[in-house]
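Bear in mind that the values here come from a model prediction, so they are computed numbers and not experimental data.
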Amino acid sequence: MKILFLFFPLFSLVSLTAQQTFYTVNKDSTAFHLTVQGASHLASLPLKCIEQEYPNKINHTAISDSDQVITPIKMHPSFYGCFDWHSSVHGHWMLVRLLKEYPDLPEAQKIRSLLSRTLSPQNIAVEVNYFNTPLTKSFERTYGWAWLLKLQQELNTWNDPDAIQWKKSLSPLCDSIVKIWLQFLPKQTYPNRTGVHPNTAFGLVFALDYARSVHNITFENAIIAAAKKIYGNDKNAPARWEPDGTDFLSPSLEEADLMRRVYNKQDFLAWFNGFIGTEGLHHLTILPVVSDRNDMQIVHLDGLCFSRSWCLKGIASVLPKQDERRKLLVNAAVKHLKASLPNVASGSYGGEHWLASFAVYALINE
């Protein structure tokens, strides 16, 4: 796994002994590599919580008295752990990604056994059926949907016997989500510009990446059409209003990260120049203050550091080499990553049940 692209000093994640090295830097100090020890530690976080049922934020709409007493594991036998459905899903994604990159992880067999249990055809059938029950079509829309497709995209690109079986098991659920998403896109008159789960741009980024990876032209064209319809005329983004106190996504940067995928480089540059000014862009390079990592909402701001980092890196990659904003964005991407990496393992479940996935996604070069 190749890690970012600018140098900053080596460091270790908190709660780990100083003698252990979890990252190495290449000779010219331009790239980082996650070591096996680092991957092992990050993998330990979802391994600990994917089968931990409580505490649990169910987010279920009950339709009768009996419906209120269904436990998380009965409703979602694949994705009941890690506090909520979407965190469990992206915890699965992270384990797959790390296992692909580091097949000799000490936890490799434990990961394979876990995924074979949670992603069994029987469990996935229950997950599929959940989306076919009343009042569930908007469940996890679109954040959880996006991470599910990211998980399947990871499996689709891995020629491994277990991965092939997990992909086969997961396919009916992914097919259901794509179908629901295609039904929803024409009805979405306005985007959700929030900095938390319902953010429309974040979901469409992952959906578009998935559609292209599996050559689903119908889904790809629908996403592109929706993105142009709801974002194509945006100008003068109010970036100075960011962040909100519980943000883990930047509405402005997520939108730009989507549109760089939708437009060619020339058209994106024209759109981007009108979308956000220099002052707003500079504002988004200022690190958020995380005042209490034991607060399950405030700790979202560590996630904001990671998501800003991957957006800034992606946007910089399509700007002209002589564009002064490119260096600004690249430096800010590194700064944000460096700020929150030591806090992935804070000892608080509020961050540990999900932050590692954001860290790994920010670190990988896609």
Legend entry - W354 and F83 aromatic centres sub-6.0 Å: no
Inset, instruction - Mind running salt bridge (Lys or Arg N to Asp or Glu O under 4.0 Å) on D267 and K228 for me, showing each step along the way? - result: CA-CA 12 Å; D267 290 343; K228 289 181 177 179; over 6 Å; no
Legend entry - Parallel, tilted or perpendicular, as decided by the 30° and 60° cut-offs, for the rings of Y210 and F219: perpendicular
Inset, instruction - Please round to the nearest 0.5 Å and tell me the distance separating atom CD1 of I177 and atom CG of L173. - result: 5.5 Å
Legend entry - Aromatic centroids of F202 and F206 separated by under 6.0 Å: yes
Inset, instruction - Answer yes or no: are there more than 12 heavy-atom neighbours, outside Y54 itself, under 6.0 Å from its atom OH? - result: yes
Legend entry - Ring centre gap for W241 and H283 strictly below 6.0 Å: no
Inset, instruction - Check the pair E101, R97 against salt bridge (Lys or Arg N to Asp or Glu O under 4.0 Å), reporting the backbone distance first and the verdict last. - result: CA-CA 6 Å; E101 298 288 342; R97 179 71 192 206; 3.3 Å; yes
Legend entry - Residue from K100, R112, K167 passing salt bridge (Lys or Arg N to Asp or Glu O under 4.0 Å) with D160: R112
Legend entry - Donor-acceptor side-chain pairing of E127 and W85 below 3.5 angstrom: yes
Inset, instruction - Quick one: sort the H90 and W147 rings into parallel, tilted or perpendicular, breaks at 30° and 60°. - result: tilted
Legend entry - Nearest-0.5 Å distance that lies between atom NE2 in H76 and atom OG1 in T71: 10.5 Å
Legend entry - Check: H86 ring centre within less than 6.0 Å of F79 ring centre: no
Inset, instruction - Would you mind checking if R261 and D257 are paired as a salt bridge, meaning a charged N to carboxylate O distance below 4.0 Å? - result: yes
Inset, instruction - Classify the ring geometry between F248 and F358 as parallel (under 30°), tilted (30 to 60°) or perpendicular (over 60°). - result: perpendicular
Inset, instruction - Please say whether more than 12 non-hydrogen atoms of neighbouring residues, nucleotides or ligands are located less than 6.0 Å from CG in N233. - result: no
Inset, instruction - Specify the closest pair of heavy atoms between A108 and P103, including all atoms of both residues, with the distance to one decimal. - result: CB-O, 3.6 Å
